[in-house]
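Note that these values count all heavy atoms, side chains included, but never hydrogens, waters or copies made by symmetry. All of these numbers come straight from a predicted model, not from anything done at the bench.
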Amino acid sequence: MLALAASAVGVTSCTDYLDKAPNSDIDESVPYQNFRNFQGFVEEMYSRIPTVSNNEYHTTFNYGEEDYWEPQETRLFARSLDYGDYWGFTTCYYTYPSNGGKDDRRKSNIWANGWYCIRKANIGISKLDQLVDATQEERNLIEGQLYFFRAWFHYLMMEWWGGLPYIDYAIGPDETITLPRETWQECAEKCASDFQKAADLLPVDWDNTTAGKTTLGNNNMRANKIMALAYKGKVLLWAGSPLMNWDSHERNNAYAVYDESYCKRAADALGEALKITEETGRYSLLPFDQFNDLTLVFNSKALPGGKETILQENMMDYGGRWSWNMNTDFRPQTHIPAGIKCWPTANYSNYFGMANGYPIEDSAVKDSQSGYDPEYPWRNRDPRFYKTYVIDGEFCGTGGQGLEASLFTGGSDREGANPQKGCYTGLMNAKLCLKSCHNGNVRDQWACILSLMRLADVYLLYSEAAAVGYGVKQSAPTYYKTAEDAINVVRDRAGVAHVLPKFTDSKENFLSEIRRERAVELAFEGMRFHDLRRWMLITQRPYTLKTGFQFDRGPGFTQGSTENKVFNLREEVLRERNFTSRHYWLPLPNKNDTYLYEGFEQNPGW
């Protein structure tokens, strides 16, 4: 690993030269002398932002309890992970955050690209004195991006593998490396410092800078002040979360709780990001009628996310990588014959409570308080439920093409009718594959691009951090909204009732709603696995369960109606994960790295 970090990007020279023309030497300061050249050096780091949604044309990136893949398919890391085999991310053909030993043309290998870009950022920082032909604005832009990426790539790897050596200088080719792994919180402090340096140097919007005018309209994903502050807040909230606190204190169970001081600092940074956002209008929540536009784009005419997206995944080949094979993953063979089939779990759909703000306590039990009725399970649900799922009887297709979803027990789309490619859970995904997709021309005109951070996420991160650090009904000093206000901003967009008073009377009750709200709002966007681990819930029931619905259609069935009656609704366990504490972190991907020197050890249990 560190050997890669030291050699991945070079400004050093070899000792032996091939024969060459006398004037072929290039002054090594040329790449750094002016803004245009130096920005070209920086641009490669943007190209190394990972591709999440594409894994050699399939979609294995949701690793919480939200997905159930066809059980006989062994090439997916998602299946490997269900059986506790975390090494699968280095060997499976379809995998993220590594690339299963394949070439890196899809930019999914975080480990290799992370160290590469950290090395590159450190080289850039060491060369700032060579930037002589530049305005102060241009110098700030270059320096701010370098600090942002140094922090961001460290954070990205820490999220999967835990505390690492925080490399903040360009390691020489002949240097003996002795940098030990640091705790998560030690790394987070250095990340936060670098993110703050970036925030101090970067503008809110590159389009409003002189240098940014040359790329006007193409600056949306460039590192900026709000992005840096939001990631500073996120890394501090992660540092204050139970897993990172416990892991940073020698796994002492007394520390398996939130660290309030970190959460206060996180709320301060996130609050500042939100304050600037609201004052400038740089980002805003999309209207709810455009909710599916957060992830999907039609015919490559516009990018998804709009003004809500703060940072997106790598868009390399996005027009082709999703729009054919990957759409097939979310429809049964009766609708689209090809694909490796993936079904949203019943247990995860239960997080989508009722429109009146009440959660669903038990999918099989009628609840007079919430209004939930297992004989009418699709009625009066959180409006995001209908944007996220295809339910029994809905029509999948457009222009007279497509089929009705026959998802009841014994239906033509179920596993009983097709044990390999049928639906095991009684639901289909509409967040990553719109209801209009079918096995015709429309199927190859949709593509997906995920947000690595979007504004709704920042509101929820702030709400969590402020609730722990300052209290449910208090605000951080940098922002006027309370924790309760912030979560309700996200609910208002969806038309869901505000958090009920019974959940605002204590921090613990409120956090249960934060966890549920994050599950609903960020469903199938690759966030859940990280949340479950940092909350130390991934080893606990019911979060270890993946279930499917079984039910019979009732009388008076109407195609596409959420009022259809069903009988005998029940959940059946499809898979239970047997996770232990070793499953909090992935193993370091290259076993030989852990023998480089004393102090750089493998994660516990691997």
Flag side-chain contact, heavy atom, 4.5 Å: Lys341 against Pro332: no
Should Lys546 and Glu65 count as an ion pair when the cut-off is N to O under 4.0 Å? no
Run Ser98 and Thr90 through side chain to side chain donor-acceptor pair (under 3.5 Å) and show every step you take. CA-CA 6 Å; Ser98 184; Thr90 67; over 6 Å; no
Charged N-O contact under 4.0 Å between Arg331 and Asp413: no
Under 4.5 Å between any side-chain heavy atoms of Thr409 and Arg553, yes or no? no
Separation between OG1 of Thr504 and CG of Asn509, rounded to the nearest 0.5 Å: 9.0 Å
Is there a side-chain contact between Pro359 and Tyr372, using heavy atoms and a 4.5 Å cut-off? no
Would a distance-only check, ignoring hydrogens and angles, find a side-chain to backbone donor-acceptor pair under 3.5 Å from Asn488 to Glu484? yes
Donor-acceptor pairs are to be reported for all side-chain atoms of residues 283-292 against protein atoms at under 3.5 Å, with residues two or more places apart or in another chain.
from: Tyr283; atom 1: OH; to: Asn224; atom 2: ND2; distance (Å): 2.8
from: Asn292; atom 1: ND2; to: Lys387; atom 2: O; distance (Å): 3.0
from: Asn292; atom 1: ND2; to: Ala430; atom 2: O; distance (Å): 3.3

Going by ring-ring contact (aromatic ring centres under 6.0 Å, His included), name the pairs with one or both residues in residues 336-358, residues two or more places apart or in two chains. Tyr348-Tyr351, Tyr348-Phe524, Phe352-Tyr389
Would you say Leu537 and Arg515 make side-chain contact, with heavy atoms under 4.5 Å? yes
For the side chain of Thr547 and the backbone of Asn347, is there at least one donor-acceptor N/O pair under 3.5 Å apart? yes
When the ring centroid of Tyr86 is compared with that of Trp585, is the distance short of 6.0 Å? no
Taking the side chain from Gln312 and the backbone from Pro304, do they hold a donor-acceptor pair closer than 3.5 Å? yes
Rounded to the nearest 0.5 Å, how far does CZ of Arg48 lie from CD1 of Ile110? 13.5 Å
Distance to the ring centre below 6.0 angstrom and angle to the axis at most 45 degrees; does that hold for Arg384 and Tyr386? no
Does the Lys NZ or Arg CZ of Arg577 fall within the cation-pi geometry relative to Phe579 - under 6.0 Å from the ring centre and within 45° of the axis? no
Consider side-chain contact (heavy atoms from CB on, under 4.5 Å). Of Val496, Asp367, Ile360, which one does Met354 pass it with? Ile360
Quick check: closest heavy atoms across Leu569 and Ala364, and the distance to 0.1 Å? O-CB, 4.1 Å
Identify whether the distance between the nearest side-chain nitrogen and carboxylate oxygen of Arg534 and Asp531 falls below 4.0 Å. yes
How long is the span from the CZ atom in Arg575 to the CG atom in Asp67, to the nearest 0.5 Å? 15.5 Å
I'd like to know if Glu73 pairs up with Arg79 as an ion pair, taking the criterion as any Lys NZ or Arg NE/NH1/NH2 lying under 4.0 Å from an Asp or Glu carboxylate oxygen. no
Would you call the rings of Trp160 and Phe529 parallel, tilted or perpendicular, where under 30° means parallel and over 60° means perpendicular? tilted
When rounded to the nearest 0.5 angstrom, what is the spacing between CG in Asp373 and OG in Ser368? 11.0 Å
Taking it one step at a time, do Glu464 and Tyr459 satisfy side chain to side chain donor-acceptor pair (under 3.5 Å)? CA-CA 9 Å; Glu464 180 181 352; Tyr459 276 113; over 6 Å; no
Can Thr51 and Tyr96 be said to form a side-chain contact (heavy atoms from CB on, under 4.5 Å), step by step? CA-CA 9 Å; Thr51 296; Tyr96 176 78; over 6 Å; no
Are any side-chain N or O atoms of Asp392 and backbone N or O atoms of Leu407, one a donor and one an acceptor, separated by less than 3.5 Å? yes
Donor-acceptor pair, distance only, cut-off 3.5 Å: does the side chain of Asn62 make one with the backbone of Gly526? yes
Trace of the side chain to side chain donor-acceptor pair (under 3.5 Å) decision for Glu361 with Asn350: CA-CA 8 Å; Glu361 302 295 344; Asn350 293 333; over 6 Å; no
Hey, does the side chain of Asn603 reach the backbone of Pro587 with a donor-acceptor pair shorter than 3.5 angstrom? no
Counting C-beta onward and ignoring hydrogens, is there a side-chain heavy-atom pair between Glu313 and Ile449 closer than 4.5 Å? yes
So, are Glu70 and Arg75 salt-bridged, with charged N and O less than 4.0 Å apart? no
When rounded to the nearest 0.5 Å, the distance separating OG of Ser370 from CG of Asn356 is 6.5 Å
Trp606/His583 aromatic ring centres below 6.0 Å: yes
Assess the pair Tyr424 and Tyr68: is the distance between their ring centroids shorter than 6.0 Å? yes
Taking Arg379 for its side chain and Glu375 for its backbone only, find out whether a donor-acceptor pair lies under 3.5 Å. no
Atom pair OG1/CZ of Thr539 and Arg533 - distance to nearest 0.5 Å: 12.0 Å
Min side-chain heavy-atom separation Thr425-Leu574 under 4.5 Å: yes
Let's go through Asn564 and Trp378 carefully: what are the C-alpha distance in whole Å and the side-chain angles of both, what is the deciding distance for side chain to side chain donor-acceptor pair (under 3.5 Å) to 0.1 Å, and is it a yes or a no? CA-CA 8 Å; Asn564 283 325; Trp378 327 128; over 6 Å; no
Judged by atom type as modelled, is there a donor-acceptor pair below 3.5 Å linking the side chain of Ser80 to the main-chain atoms of Leu76? no
Could you pull out the closest heavy-atom pair between Gly495 and Pro383, with the gap in Å? O-CG, 4.2 Å
Determine whether Thr60 and Tyr63 make a side-chain contact, defined as any pair of heavy atoms from C-beta on separated by less than 4.5 Å. yes
Taking the side chain as C-beta and beyond, is there a heavy-atom pair between Tyr584 and Met536 under 4.5 Å? yes
Enumerate the residue pairs fulfilling salt bridge (Lys or Arg N to Asp or Glu O under 4.0 Å) with a member in residues 445-455, sequence neighbours excluded, ordered by first and then second residue. Glu308-Arg454, Arg454-Glu521, Arg454-Glu525
For the residue pair Glu571 and Ser363, confirm or rule out a side-chain donor-acceptor distance under 3.5 Å. yes
Can any side-chain N or O of Arg582 pair as donor or acceptor with the backbone N or O of Thr580 at less than 3.5 Å? no
Has the side chain of Asp293 got a donor or acceptor atom that lies under 3.5 Å from a matching backbone atom of Gly306? no
Determine the interplanar angle of the Trp161 and Phe89 rings, folded into 0 to 90°, and report it as parallel if under 30°, tilted if 30 to 60°, perpendicular if over 60°. tilted
